[in-house]
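Everything on this sheet refers to the single structure shown next.
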Amino acid sequence: FPVRTDFAEVWADCALLAPHAAPLPPRERAEAVLERLPAAMWRLGHTKAFLRDGALELLRAEAASLRTGRATAIQAMIRRKRAGSQRAARAEARREELR
């Protein structure tokens, strides 16, 4: 296990992958995040997580993908709302023209 990292770093980088673990102690939070990987890719020590090469990058990529998906959903919601407001404004303007 060439990569050694503190539990806090695992959580800071990938908390999005296990939000239910927020109230847990650091070791259990890190374990909740790491459980998304195959068990052969990681081990937990007393104060550090031991990872195979590429394991942390996989978790970071998964977290980034989740973050991107959520950002896209928020943007789509805002665009829908904005389009609805513009549609309503155009309809009101047409009504005013007809008066």
Side-chain angles (χ1 to χ4, degrees):
F1 297 98
V3 178
R4 293 164 172 82
T5 183
D6 295 328
F7 299 143
E9 183 180 348
V10 172
W11 180 251
D13 289 348
C14 306
L16 202 58
L17 300 176
H20 64 280
L24 300 175
R27 186 178 199 278
E28 292 174 24
R29 284 189 296 207
E31 185 174 13
V33 169
L34 294 171
E35 284 176 344
R36 298 180 73 93
L37 294 171
M41 293 189 80
W42 59 276
R43 295 287 183 268
L44 293 178
H46 291 289
T47 60
K48 293 187 183 259
F50 301 92
L51 309 167
R52 300 264 186 224
D53 275 335
L56 194 54
E57 287 76 22
L58 285 173
L59 288 171
R60 287 176 178 155
E62 190 176 347
S65 176
L66 186 58
R67 198 174 297 113
T68 299
R70 289 182 178 181
T72 301
I74 291 169
Q75 289 171 349
M77 182 183 66
I78 290 170
R79 287 182 181 135
R80 275 192 304 273
K81 184 174 180 169
R82 189 176 296 156
S85 297
Q86 289 172 349
R87 220 176 357 259
R90 283 192 304 267
E92 181 63 31
R94 281 189 212 118
R95 274 186 242 125
E96 289 296 321
E97 286 176 6
L98 295 175
R99 287 186 191 170

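Sequence neighbours left out, not one pair with a member in residues 21-33 passes salt bridge (charged side-chain N to carboxylate O under 4.0 Å, His left out). Pairs passing the side chain to side chain donor-acceptor pair (under 3.5 Å) check and including a residue from residues 48-71, sequence neighbours excluded, read D6-K48, E9-R60, D13-R60, R36-E62.
You'll find the side chain of T5 stays beyond 4.5 Å of the side chain of F50, heavy atoms only. Annotation: side chain of L51 is not in contact with side chain of L59 (no heavy-atom distance under 4.5 Å).
Residues satisfying the side chain to side chain contact (heavy atoms under 4.5 Å, CB included) test with H46, not counting sequence neighbours, are none. Checked against side chain to side chain contact (heavy atoms under 4.5 Å, CB included), L58 has the following partners two or more places apart in sequence or in another chain: L37, M41. Here E97 pairs with nothing under the side chain to side chain donor-acceptor pair (under 3.5 Å) rule; sequence neighbours left out.
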Side chains of residues 73-92: which donor-acceptor pairs under 3.5 Å do they make with residues two or more places apart or in other chains?
{"unit_1": "S85", "atom_1": "OG", "unit_2": "K81", "atom_2": "O", "d": "3.2"}
{"unit_1": "E92", "atom_1": "OE1", "unit_2": "R95", "atom_2": "NH1", "d": "2.7"}

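When every heavy atom of A63 is checked against every heavy atom of L16, the shortest pair comes out as O-CD2, 3.7 Å. Residues F7 and A30 come closest through the heavy atom pair CD2-CB, 3.7 Å. Of all the heavy atoms in L66 and L17, the pair that sits closest is CD2-CD2, 4.3 Å.
Atom CG of L24 is separated from atom CH2 of W11 by 7.5 Å, given to the nearest 0.5 angstrom.
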